[in-house]
Amino acid sequence: MRLEQLLQGLDYTCIQGRQDVDVKAVAYDSRKELAAGALFVCTVGAVYDGHDYAAEAAKKGAAVLVVSKPVEAVKDMDVTVIFVKDTRFCLAFISAAWFGHPARKLKTVGITGTKGKTTTTYLVKSILERTGFRVGLVGTIEIIIGDTHIHAENTTPESYCLQEYFAEMVEAGLDTVVMEVSSQALMQHRTQGFVFDYGIFTNLEPDHIGPNEHASFEEYMACKGLLFRQCKVGIVNGDDAHVEGVTQGHTCALETFGMGKGCMLRAREPELIYTPGSPGVKFQVEGLTDMEVEVPSPGRFSVYNALCAIAICRHFRVGKDGIQEALRTARVKGRIEKVDISDKFTLLIDYAHNAMALESLLATLREYNPGRLVCVFGCGGNRSRQRRFEMGEVSGRLADFTIITSDNPRYEEPQAIIDDIKTGIEKTDGKYTEICDRKEAIAYAIAHALEGDLIVLAGKGHEDYQEIKGVKYPMDERVLIKELLRDGLAHI
């Protein structure tokens, strides 16, 4: 493809070489093999700066370098150098052009927010597919293209990978993509290069604030808000305290959903339901559409997730029956996921891995008045110690019994992390035990379950590994439970 085509619409200056170049490939990662005649974009990351590898890329055969600061090392080399203000921003547009602007051939739904993104993407996919749409998905757990499931490394991939996935979706005959859009992705322009048909905001709470993430809550909120300058229709949680801040400066049409009277799509009369072993909720929808909805997952946040999915699918002219049936049967891996092993107690798996998420989860489950609420959890290593204290205090306050175990210790000692959790839990009157090995902890929880118990395995959710000393070892809680039942280690 000609260089001029890749740069079309971008503000740039050619500071070295010629522009009449035929580009053979687009690259941005210096660690990967570079094709001769490639265009190499020098992006700046938290650890690596692509500008430091510009000369190496040119030696390997790069025909074009896209830079945002001077690169003296290539001054006398036979390579075209394009100067731009922001290389990540330009990478997104270059990638979109390289793959033939595939997003223009899809209906695109982007969902941002602190919580609810993953669940809502799967709900929307389930509803739309029941009505005949062919839907791809990009998110925290995986990328789905037809029958192909690809493990996700980030909530939102780098722009080049995202455009490549879009192109594969078009090639596979899909007509729609629903995706999670992280604040980091918006800050780093990974979703530039196209305009979303629908941009969604679920909620906002303090999270992802710290080194290599966001400097402040205000920055976090501002990055979320970038989505509403890059979509045609914004669909937002009108009940959220930060909705005005997130939508400030929006360039799209706005719709609201929630439980408040001012919301355009509203849920009213939410009612907890507890069919054998499965906590759920039902409610009435009114406003932009009217129907009764039942969801087999618990609490207020399940109402918001379902309502958000309805607000989106309404634009695809999905019938009420299709929405109701899809919401009754949809399941999301690792998000209040029920594991069927006994009719005497309930066992759930959830991704809650910080104090905010754990408190929301346990407070919701407490509303169902279980015989006992049992929480099995640990904390990740090489992360804030404050998170451990807080999660310990939350579980001690809200659970009847806590089993403290290991999560992803990374480069820390699991026992040191457990000791920090104990510091938090001992501020409460909560009863607990500690079992460092996660499989043994789960075995203990199942073997000692009482009738009417509600047991939640928190923190791992969809993850199928445990990270120890830089190595990710296979560990899926669903597999562990099957092994325990098979080997007779958990006596029900």
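Basis for what follows: all heavy atoms, side chains included, without hydrogens, waters or symmetry-related copies.
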Inset, instruction - Check the pair Ile417 / Asp407 against side-chain contact (heavy atoms from CB on, under 4.5 Å), numbers first and verdict last. - result: CA-CA 9 Å; Ile417 299 172; Asp407 193 292; over 6 Å; no
Verify the distance criterion only: is there a donor paired with an acceptor across the side chains of [X] and [Y] at less than 3.5 Å?
{"X": "Glu463", "Y": "Asn408", "value": "yes"}
{"X": "Arg335", "Y": "Thr140", "value": "no"}
{"X": "Thr118", "Y": "Glu180", "value": "yes"}
{"X": "Tyr28", "Y": "Thr87", "value": "no"}
{"X": "Asn237", "Y": "Thr202", "value": "no"}
{"X": "Ser395", "Y": "Thr402", "value": "yes"}
{"X": "Tyr160", "Y": "Asp29", "value": "no"}

Inset, instruction - Begin with the C-alpha distance, continue with both residues' side-chain angles, and end with the deciding distance and a verdict on ring pair (Phe, Tyr, Trp, His ring centres under 6.0 Å) for His242 and Phe217. - result: CA-CA 11 Å; His242 303 288; Phe217 178 75; 4.9 Å; yes
N-O pairing of [X] and [Y] below 4.0 Å:
{"X": "Arg397", "Y": "Glu393", "result": "no"}
{"X": "Asp175", "Y": "Arg134", "result": "no"}
{"X": "Arg314", "Y": "Glu255", "result": "yes"}
{"X": "Arg410", "Y": "Glu467", "result": "yes"}

Could you tell me which non-hydrogen atom of [X] sits nearest to which non-hydrogen atom of [Y], and how far apart they are?
{"X": "Leu174", "Y": "Gly146", "result": "CD1-N, 3.9 Å"}
{"X": "Asn305", "Y": "Thr120", "result": "OD1-OG1, 3.7 Å"}
{"X": "Leu227", "Y": "Gly110", "result": "CD2-O, 3.6 Å"}
{"X": "Phe196", "Y": "Val109", "result": "CD2-C, 4.0 Å"}

Please check this pair: side chain of [X] against backbone of [Y], looking for a donor-acceptor N/O pair closer than 3.5 Å.
{"X": "Arg266", "Y": "Cys263", "value": "yes"}
{"X": "Thr364", "Y": "Ser360", "value": "yes"}
{"X": "Tyr368", "Y": "Gly280", "value": "yes"}
{"X": "Asp240", "Y": "Leu204", "value": "yes"}
{"X": "Ser384", "Y": "Gln386", "value": "yes"}
{"X": "Thr428", "Y": "Ile425", "value": "yes"}

Legend entry - With sequence neighbours excluded, residues passing side chain to side chain donor-acceptor pair (under 3.5 Å) with Glu164: none
Legend entry - Residue pair Cys375, Val394: steps toward the side-chain contact (heavy atoms from CB on, under 4.5 Å) verdict: CA-CA 10 Å; Cys375 181; Val394 165; over 6 Å; no
What distance do [X] atom [atom1] and [Y] atom [atom2] have between them, rounded to the nearest 0.5 Å?
{"X": "Ser95", "Y": "Leu6", "atom1": "OG", "atom2": "CG", "result": "9.0 Å"}
{"X": "Gln324", "Y": "Ile127", "atom1": "CD", "atom2": "CD1", "result": "10.5 Å"}
{"X": "Thr114", "Y": "Met221", "atom1": "OG1", "atom2": "CE", "result": "11.0 Å"}
{"X": "His51", "Y": "Ser68", "atom1": "NE2", "atom2": "OG", "result": "3.5 Å"}
{"X": "Lys117", "Y": "Cys308", "atom1": "NZ", "atom2": "SG", "result": "11.5 Å"}
{"X": "Thr43", "Y": "His189", "atom1": "OG1", "atom2": "NE2", "result": "12.0 Å"}

Give the ring-plane orientation class for [X] versus [Y], where under 30° counts as parallel, over 60° as perpendicular and anything between as tilted.
{"X": "Phe228", "Y": "Phe201", "value": "perpendicular"}
{"X": "Tyr465", "Y": "His151", "value": "perpendicular"}
{"X": "Phe194", "Y": "Phe166", "value": "perpendicular"}
{"X": "His462", "Y": "Tyr351", "value": "tilted"}

With the side chain counted from C-beta on, respond yes when [X] and [Y] share a heavy-atom pair under 4.5 Å apart, and no when they do not.
{"X": "Ile200", "Y": "Val124", "value": "no"}
{"X": "Gln184", "Y": "Cys223", "value": "no"}
{"X": "Phe89", "Y": "Val84", "value": "no"}
{"X": "Glu158", "Y": "Arg88", "value": "yes"}

Other residues, nucleotides, ligands: >12 heavy atoms within 6.0 Å of [X] [atom1]:
{"X": "Lys333", "atom1": "NZ", "value": "yes"}
{"X": "Tyr12", "atom1": "OH", "value": "yes"}
{"X": "Lys105", "atom1": "NZ", "value": "yes"}
{"X": "Arg104", "atom1": "CZ", "value": "no"}
{"X": "Gln248", "atom1": "CD", "value": "no"}

Legend entry - Pi-cation contact, Phe377 with Lys460 (under 6.0 Å, within 45°): no
Inset, instruction - Output, in order, the C-alpha distance, side-chain angles, deciding distance and verdict of side-chain contact (heavy atoms from CB on, under 4.5 Å) for Thr191 and Thr156. - result: CA-CA 8 Å; Thr191 59; Thr156 312; 3.9 Å; yes
Legend entry - ring pair (Phe, Tyr, Trp, His ring centres under 6.0 Å) between Tyr198 and Phe316, worked out: CA-CA 11 Å; Tyr198 305 99; Phe316 289 79; 5.8 Å; yes
Output side-chain donor-acceptor pairs under 3.5 Å for residues 468-480, partner residues at least two apart or in another chain, one line each.
residue, atom, partner, partner atom, Å
Lys469, NZ, Glu413, OE2, 3.3
Asp476, OD1, Arg478, N, 2.8
Asp476, OD1, Arg478, NH1, 2.6
Glu477, OE2, Arg438, NE, 2.7
Glu477, OE2, Arg438, NH2, 3.0
Arg478, NE, Glu337, OE1, 3.1
Arg478, NE, Glu337, OE2, 3.1
Arg478, NH2, Glu337, OE1, 2.8
Arg478, NH2, Gly461, O, 2.7

Inset, instruction - Apply side-chain contact (heavy atoms from CB on, under 4.5 Å) to the pair Val236 and Val246, showing each step before the final yes or no. - result: CA-CA 9 Å; Val236 301; Val246 169; 6.0 Å; no
Inset, instruction - Determine, stepwise, if the pair Arg130 / Thr329 fulfils side chain to side chain donor-acceptor pair (under 3.5 Å). - result: CA-CA 11 Å; Arg130 283 179 174 272; Thr329 57; 2.9 Å; yes
Legend entry - Among Thr251, Asp197, Thr108, side-chain hydrogen bond (donor to acceptor under 3.5 Å, both in side chains) partner for Lys232: Asp197
